[in-house]
Protein chains: 2
Amino acid sequence: MATGRTHRPATRSRGIPEATVARLPLYLRALTALSERSVPTVSSEELAAAAGVNSAKLRKDFSYLGSYGTRGVGYDVEYLVYQISRELGLTQDWPVVIVGIGNLGAALANYGGFASRGFRVAALIDADPAMAGKPVAGIPVQHTDDLEKIIKDNGVSIGVIATPAGAAQQVCDRLVAAGVTSILNFAPTVLSVPDGVDVRKVDLSIELQILAFHEQRKAGEEAEAVLEAEAAAAKEIREGPDGDVPAVMPA
Amino acid sequence: MATGRTHRPATRSRGIPEATVARLPLYLRALTALSERSVPTVSSEELAAAAGVNSAKLRKDFSYLGSYGTRGVGYDVEYLVYQISRELGLTQDWPVVIVGIGNLGAALANYGGFASRGFRVAALIDADPAMAGKPVAGIPVQHTDDLEKIIKDNGVSIGVIATPAGAAQQVCDRLVAAGVTSILNFAPTVLSVPDGVDVRKVDLSIELQILAFHEQRKAGEEAEAVLEAEAAAAKEIREGPDGDVPAVMPA
DNA sequence: CCATCTTTGTGCATGCATTCACAAAGACAT
DNA sequence: ATGTCTTTGTGAATGCATGCACAAAGATGG
């Protein structure tokens, strides 16, 4: 048995790099915008600019999907929209459940970006009995007790967890046991799942912390630059304006 | 002038890889949990398990911060919490503004993970005059007109954009002009900013699309496995149970 | 039908990240 | 003290991603 690298001529080869997959939605969004403006074709350069990436990277990304461009012209917008949608699996209907209808869960339920991309919110689930029946984004909230039945009745394979951290693992276990194989986790916890189940996490505070790191670094460099400038100025005063002297350390 | 790699003995060296920075908040969270349970020390193996990463990776990550472990024992939890916090810049106060107080903005304002990490929501800003003055998460919403003044009065350097896509770039421009140098963008748009300004984006629908891709791949592999099994069975029937025949293609 | 010009698709080089595997460091018992 | 045992910190190997730079492809005009 060969290790199976690109054994398929030009059809959907299995070896699309993760980094590329992560960018496809970005391209898709830019292409959709072009499509709405009835732009017929787009060059890699233009599309790359719209998506905020390097054009060589974009071309390489597309090359994993097949040769969908025309040299000298560019890419057909509609065709590319279709190809990327198909590759991402957006041409089919994905029923999704959201568990945990607090502020965030409600925001997600109302988020327009889901419905417009083939994702259908099949159910909203919350552990609070007082929430049961109350409509959020036009969908009545159901109680956690019915989680398993809801998953099975709707053929749900993607679950979104927006519960407090403490409840997340337990909810996750129940989702997986009921047949969910992909989970989007907004709770600030590391979820453990069996093989074959995908988890992606979105952590609001982690992103801020990364920003803070860079922010601090910027401030630090500025301060350092100031210090260096001051030191240079002081040196200037001590040594006169030529300054290339093997200086003796002041005490 | 040297290229400046690790020119400082053990202090905060500037060359911490991005990938490591992105994991520090993860470690910090795991360590905080241990700290709350009054665990004094932790080995790289244990902590790595809690953070959901490889232990060698964790040790290498920590090695960029300095030698904070004790061989044969592990890491001192409290000390490490402090060191990582300091490295990430969480020992100082970061006033943050949230622009766009819809469902998501409100969820962010209410999100506990910010306040507990040195982030202080200094102001909530929305373009809707009807929102002005209305308290969300105990903080009165202010109108966009006052954006510049709010930024300056509070010394805000981090802004969170939770507006619709159409308004994001404009808000971003105003934030940057007013002095914000780090932006966390929840709007599904590519923001363009001048050099020196950091942007991180969180896109809810992109994450779902990536999950859908893998979900489809799983389904496809299953179907393929079934097909292969069927093919093998058919072959078995045609050729008998040894099967290692240089088969002639059927027409 | 040929020449020119644009734009794709990709081989190659470079750099970053991950993982392995082990020597050095220290705790702890005897 | 000395030896054993655990766990860190890191060199080295591998793999993945990025971006350059260019040949091949095709459109377009004469």
Side-chain angles (χ1 to χ4, degrees), chain A residues 3-6 8-24 26-27 31 34 39-77 79-80 83-84 87 210, chain B residues 3-6 8-24 26-27 31 34 39-77 79-80 83-84 87 210:
Chain A
T3 6
R5 178 189 289 273
T6 326
R8 225 157 286 224
T11 21
R12 46 212 146 123
S13 69
R14 219 42 56 91
I16 301 180
E18 263 308 301
T20 295
V21 172
R23 278 187 296 266
L24 289 182
L26 223 62
Y27 302 144
L31 284 164
L34 291 172
V39 177
T41 62
V42 66
S43 72
S44 63
E45 204 70 51
E46 293 166 318
L47 186 54
V53 303
N54 179 305
S55 74
K57 183 149 61 182
L58 178 142
R59 286 198 300 276
K60 182 149 287 186
D61 283 343
F62 286 175
S63 78
Y64 292 117
L65 310 184
S67 281
Y68 294 148
T70 307
R71 292 168 192 233
V73 175
Y75 299 91
D76 183 284
V77 172
Y79 187 55
L80 204 47
Q83 288 299 343
I84 295 181
E87 194 65 50
I210 296 172
Chain B
T3 5
R5 178 188 287 273
T6 327
R8 231 156 281 226
T11 21
R12 47 213 145 120
S13 70
R14 219 46 52 94
I16 301 180
E18 263 308 302
T20 295
V21 172
R23 280 188 295 266
L24 290 181
L26 222 64
Y27 303 144
L31 284 164
L34 290 172
V39 177
T41 63
V42 65
S43 71
S44 63
E45 205 71 51
E46 293 166 317
L47 185 55
V53 302
N54 180 306
S55 75
K57 183 147 62 180
L58 178 142
R59 286 199 299 280
K60 182 146 285 190
D61 282 343
F62 286 175
S63 78
Y64 293 116
L65 310 184
S67 280
Y68 294 149
T70 307
R71 291 166 194 236
V73 176
Y75 298 91
D76 183 285
V77 172
Y79 187 56
L80 204 47
Q83 289 298 343
I84 294 180
E87 194 65 51
I210 296 172

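- One finds no side-chain N or O of A/Tyr64 lying less than 4.0 angstrom from the OP1 or OP2 phosphate oxygen of D/dA17.
- A straight line from CG of B/Leu47 to C1' of D/dT8 spans 13 Å, rounded to a whole angstrom.
- Between B/Val53 and B/Leu26, the closest heavy-atom pair is CG1-CD2, 4.5 Å.
- Side-chain contact between A/Leu80 and A/Phe62: present, with at least one pair of heavy atoms (C-beta onward) separated by less than 4.5 Å.
- Between B/Asn54 and C/dA17 there is no side-chain N or O to OP1 or OP2 distance below 4.0 Å.
- Taking atom CD of B/Glu45 as the reference point, atom P of C/dC20 lies 11 Å away to the nearest angstrom.
- Contact of A/Arg71 with D/dA24 (side chain to base): a donor-acceptor pair of N or O atoms is detected under 3.5 Å.
- Within 4.0 Å of B/Phe62, counting heavy atoms only, lies no atom of the nucleic acid at all.
- A sub-4.0 Å separation between OP1 or OP2 of C/dT18 and a side-chain N or O of B/Arg59 is absent.
- At a cut-off of 3.5 angstrom, counting only N and O atoms as typed in the model, there is a donor on one side and an acceptor on the other between the side-chain of A/Lys60 and the base of D/dG19.
- The nearest heavy atom of DNA chain D to A/Lys57 and to A/Val73 marks one nucleotide each, and the one closer to the 5' end goes with A/Lys57.
- Following rounding to the nearest Å, B/Glu18 (CD) and C/dA17 (P) show an atom-to-atom distance of 8 Å.
- For B/Ala19, the listed nucleotide lying nearest its side chain is C/dA17; candidates were D/dG9, C/dA17, C/dT7.
- As judged by a 4.0 angstrom heavy-atom cut-off over every strand, A/Ala56 is placed among the base-contacting residues.
- Heavy-atom nearest nucleotides on DNA chain D were determined for A/Pro17 and for A/Gly72, and the one closer to the 5' end corresponds to A/Pro17.
- One atom, CG of A/Asp61, and another, P of D/dA17, lie 10 Å apart when rounded to the nearest Å.
- For A/Ser44, a side-chain nitrogen or oxygen approaches OP1 or OP2 of C/dT8 to under 4.0 Å.
- Straight-line distance from the CD atom of A/Glu46 to the P atom of C/dT6: 14 Å, rounded to whole Å.
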So B/Arg59 and B/Tyr75, side-chain contact (heavy atoms from CB on, under 4.5 Å) or not? Walk me through it.
CA-CA 10 Å; B/Arg59 286 199 299 280; B/Tyr75 298 91; 3.8 Å; yes

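- Atoms CG (B/Asp76) and P (D/dT7) sit 16 Å apart, rounded to a whole Å.
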Given side-chain contact (heavy atoms from CB on, under 4.5 Å), test A/Thr70 with A/Thr41 step by step and report yes or no.
CA-CA 10 Å; A/Thr70 307; A/Thr41 62; over 6 Å; no

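- Residue A/Tyr68 has no polar side-chain atom (N or O) positioned under 4.0 Å from OP1 or OP2 of C/dT7.
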Take B/Leu34 and B/Glu46, measure what side-chain contact (heavy atoms from CB on, under 4.5 Å) needs, and give me the verdict at the end.
CA-CA 11 Å; B/Leu34 290 172; B/Glu46 293 166 317; over 6 Å; no

